[in-house]
Amino acid sequence: MDADVIVVGAGLAGLVAAHELTSRGRRVALVDQEGPADLGGQAHWSFGGLFLVDSPEQRRMGVRDSLALAWSDWRGSAGFDRLDDEDALAVQWARAYVEFAAGEKRSWLTGHGLSFLPTVGWAERGDLRADGHGNSVPRFHVTWGTGPGVVAPFAHSAREAAAAGRLVFHHRHRVDELLVTDGAVTGVRGALLAEDHSPRGVATNREVTGEFTLTAQAVVVASGGIGAAHDLVRRHWPDRLGTPPTRMVTGVPAYVDGRMLDISAAAGARLVNSDRMWHYTEGLRNWDPIWPGHGIRVLPGPSPLWFDALGRRLPVPCLPGYDTLGTLRHLRTTPDLAPHDHSWFIVTQKIIEKEFALSGSEQNPDITGKDRAAFLRSRLVGKGAPAPVEAFKRHGEDFVVADTLERLVAGMNRLTEEPLLDPVEIRRQIEARDLQISHPFAKDAQVQGIRNARRYLGDRLGRAAAPHRILDPAAGPLIGVKLHVLTRKTLGGIQTDLDSRALGRDGRPVEGLYAAGEVAGFGGGGAHGYNALEGTFLGGCLFTGRQAGRAAARATGA
């Protein structure tokens, strides 16, 4: 045997699994098709948001949360409806994860040196039903250091284990096959790729220079999802979401290619819930891209006015920050919108300064660099929008800035193949909304949501602008933002039991095969069901990687 356990994928789930294995004395071969620069995988590029329940940060902000409320929100969001089959284990993983988030998760992370911003974000506020999708309270805890801060302790553990001889990095090793002996997975076979010293995230070459085979008592697959493989996204795009866009931007590096899903299936693993996926509707084309088709998501506050491609304000609950897939479904299933791949925000400078954040570690240098003084200046007490937001406003091809609504709409029409927006109709809708701002009562659901958000201290301090008229010159200039569908997460995957053992088509574990992270649907082949509550993707990698590493350690060794 070349190792006790082979871990395929050096992203967050793989690093956590490797940490659990090496800390228990197991010898690990860590295999990845990318080079050392990409250690940590997709998680490195994330905002570092983590879903926690009834945390000290929540309590300090006056948020009352509980396991019961979080589990109610999760079930309402997941909508598990395949409980006799594909969701049978997913719902068990979901319950275990929510209990973890309400219990040991925070202390386990702080034990690894992680800490969190004092304010808690209120992401994915939902579909406005008590028993439906969404977070009833703020639960999005941003890690100091963002994604790199989450990855760091586990990357450090891997390097220490390598120095001690307990772990061997196999960079530029692309797995093409899982070896099966007498029904058990006993190793991997694949191609050696040519050296490539490109910076982190840049697409690397696929030149094959040789072959390799590694053997072990067990293999943990932690290879991520399909977000960069638009052909796979379109293949699995469900009818309930209408037709896939002709053009999408890509929220993950090119190596998030989904290859290990079919490779695992060929070794006997069962793939479930392949029609469940998570893509954002607030994607921007990156003016300074790193990977092909690089998109960045706007993390909006509650105030932007959202219009479809034909200039109609989106209906409730398609509001900024509320219902991601509900909005995607509306944009892709409304018959006259299906030919169009975009929608629009119209905001003021006052809104963009307070409410616009950009997802990604590189778009948040103050938090990524753990610079508290810069954070205070940029987010709370300083004037103007954060520098990365202003850079997008100046350089981004999806931004239009104007001092009058007519000039704004004319500029927005220049960004499409034909002029689709009527300035008179846009003005009518904005003026109707602006009338709702002039008094403390409102029938407009979005205005109600703004006022609800500002009752929460965290939003009032840094995420929700004071209510004002969009057409108030003092709040300007006006800004139009063209939004694209941004590919991101796979919600289905390899079906696993609560020990992260991959199950076969007969429902029994495939001996020697484990799966963790996105490739396993974040547990059980789909712990999120149909919807995610945000802050749950990194957490799902942490939790399933931990489970897989511990279970594989128990099953292997001398």
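Every value quoted in this text rests on a predicted model; they were computed, and no experiment measured them.
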Residue pairs fulfilling salt bridge (charged side-chain N to carboxylate O under 4.0 Å, His left out) with at least one residue in [range], sequence neighbours excluded:
range            : value
residues 139-156 : D65-R139, D73-R139
residues 522-538 : R297-E534
residues 169-184 : R174-D176, D176-R259, E177-R189
residues 196-222 : E34-R206

Problem set entry | Result of checking W74, F51, W278 against H528 for ring-ring contact (aromatic ring centres under 6.0 Å, His included) |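 In the set W74, F51, W278, the residue that makes a ring-ring contact (aromatic ring centres under 6.0 Å, His included) with H528 is W74.
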Which atoms form the tightest heavy-atom contact between [X] and [Y], and what is the distance?
X    : Y    : result
A527 : F522 : CB-O, 3.6 Å
D497 : L89  : CA-CD2, 4.1 Å
W71  : V91  : CH2-O, 3.9 Å
A265 : R505 : O-NH1, 3.5 Å
N364 : S359 : ND2-C, 4.4 Å
A267 : V185 : CB-CG2, 4.5 Å

**Asked** Is E86 salt-bridged to R270, going by a charged N under 4.0 Å from an acidic O?
**Response**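 No.
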Original post:
By ring-ring contact (aromatic ring centres under 6.0 Å, His included), which residues pair with F116, not counting sequence neighbours?
Top reply: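 Here no residue qualifies.
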Who passes ring-ring contact (aromatic ring centres under 6.0 Å, His included) against F212, sequence neighbours left out?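 Once residues adjacent in sequence are excluded, the partners of F212 under the ring-ring contact (aromatic ring centres under 6.0 Å, His included) criterion are H173.
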_Give me each pair satisfying side chain to side chain donor-acceptor pair (under 3.5 Å) with a member in residues 219-228, each pair once, sequence neighbours excluded._
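Non-adjacent pairs meeting side chain to side chain donor-acceptor pair (under 3.5 Å): zero.
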| Residue pairs passing the side chain to side chain donor-acceptor pair (under 3.5 Å) test where at least one lies in residues 539-549, sequence neighbours excluded |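 Every pair satisfying side chain to side chain donor-acceptor pair (under 3.5 Å) with a residue in residues 539-549: E104-R546.
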Can you give me every donor-acceptor pair (side chain of residues 289-296, partner residue at least two apart or in another chain, under 3.5 Å) with its distance?
{"unit_1": "W291", "atom_1": "NE1", "unit_2": "T250", "atom_2": "O", "d": "3.0"}
{"unit_1": "W291", "atom_1": "NE1", "unit_2": "V252", "atom_2": "O", "d": "3.1"}
{"unit_1": "H294", "atom_1": "ND1", "unit_2": "N286", "atom_2": "ND2", "d": "3.3"}
{"unit_1": "H294", "atom_1": "ND1", "unit_2": "I290", "atom_2": "N", "d": "2.9"}

*Test salt bridge (charged side-chain N to carboxylate O under 4.0 Å, His left out) on D87 and R276 and set out the steps.*
CA-CA 12 Å; D87 286 337; R276 295 179 183 170; 2.8 Å; yes
Please work out whether the ring planes of W108 and H112 are parallel, tilted or perpendicular, with thresholds of 30° and 60°.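 Rings of W108 and H112: perpendicular, over 60°.
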Can you label the angle between the F543 ring and the F100 ring as parallel, tilted or perpendicular, going by 30° and 60°?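 Taking F100 first and then F543, their aromatic rings lie parallel (interplane angle under 30°).
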- request: Identify, with sequence neighbours excluded, every residue that meets side chain to side chain donor-acceptor pair (under 3.5 Å) alongside T186.
  value: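 In terms of side chain to side chain donor-acceptor pair (under 3.5 Å), with neighbours along the sequence ignored, T186 is linked to T181.
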With sequence neighbours left out, write down each residue that passes side chain to side chain donor-acceptor pair (under 3.5 Å) with K105, or none if nothing qualifies.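 Counting only residues at least two positions away or on another chain, K105 forms a side chain to side chain donor-acceptor pair (under 3.5 Å) with Y97.
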Could you tell me whether the side chains of H395 and D288 share a donor-acceptor contact shorter than 3.5 Å?
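Short answer, no.
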Test item: side-chain donor near acceptor, H133 and E124, under 3.5 Å: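 Side-chain D/A pair, H133 to E124: present.
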Test F375 against W144 for ring pair (Phe, Tyr, Trp, His ring centres under 6.0 Å), laying out the working first.
CA-CA 10 Å; F375 173 78; W144 277 117; 5.6 Å; yes
Without swapping roles, check the side chain of [X] against the backbone of [Y] for a donor-acceptor pair under 3.5 Å.
X    : Y    : result
T209 : L192 : yes
S55  : Q58  : yes
R26  : T22  : no

Please tabulate, for the side chains in residues 36-49, all donor-acceptor contacts under 3.5 angstrom to protein atoms that are two or more places apart in sequence or on a different chain.
{"unit_1": "D38", "atom_1": "OD1", "unit_2": "G201", "atom_2": "N", "d": "2.9"}
{"unit_1": "S46", "atom_1": "OG", "unit_2": "A43", "atom_2": "O", "d": "2.9"}
{"unit_1": "S46", "atom_1": "OG", "unit_2": "G48", "atom_2": "N", "d": "3.2"}

Could you check whether any side-chain heavy atom of M277 comes within less than 4.5 Å of a side-chain heavy atom of P238, counting everything from C-beta outward?
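Contact flag for M277/P238 side chains = yes.
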Does the side chain to side chain contact (heavy atoms under 4.5 Å, CB included) test come out yes or no for L178 and I263, once each step is laid out? CA-CA 7 Å; L178 295 176; I263 291 168; 4.1 Å; yes
Point to revise | Heavy atoms of other groups near E195 CD, more than 12 under 6.0 Å | key: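 Check fails, neighbour count at 12 or below.
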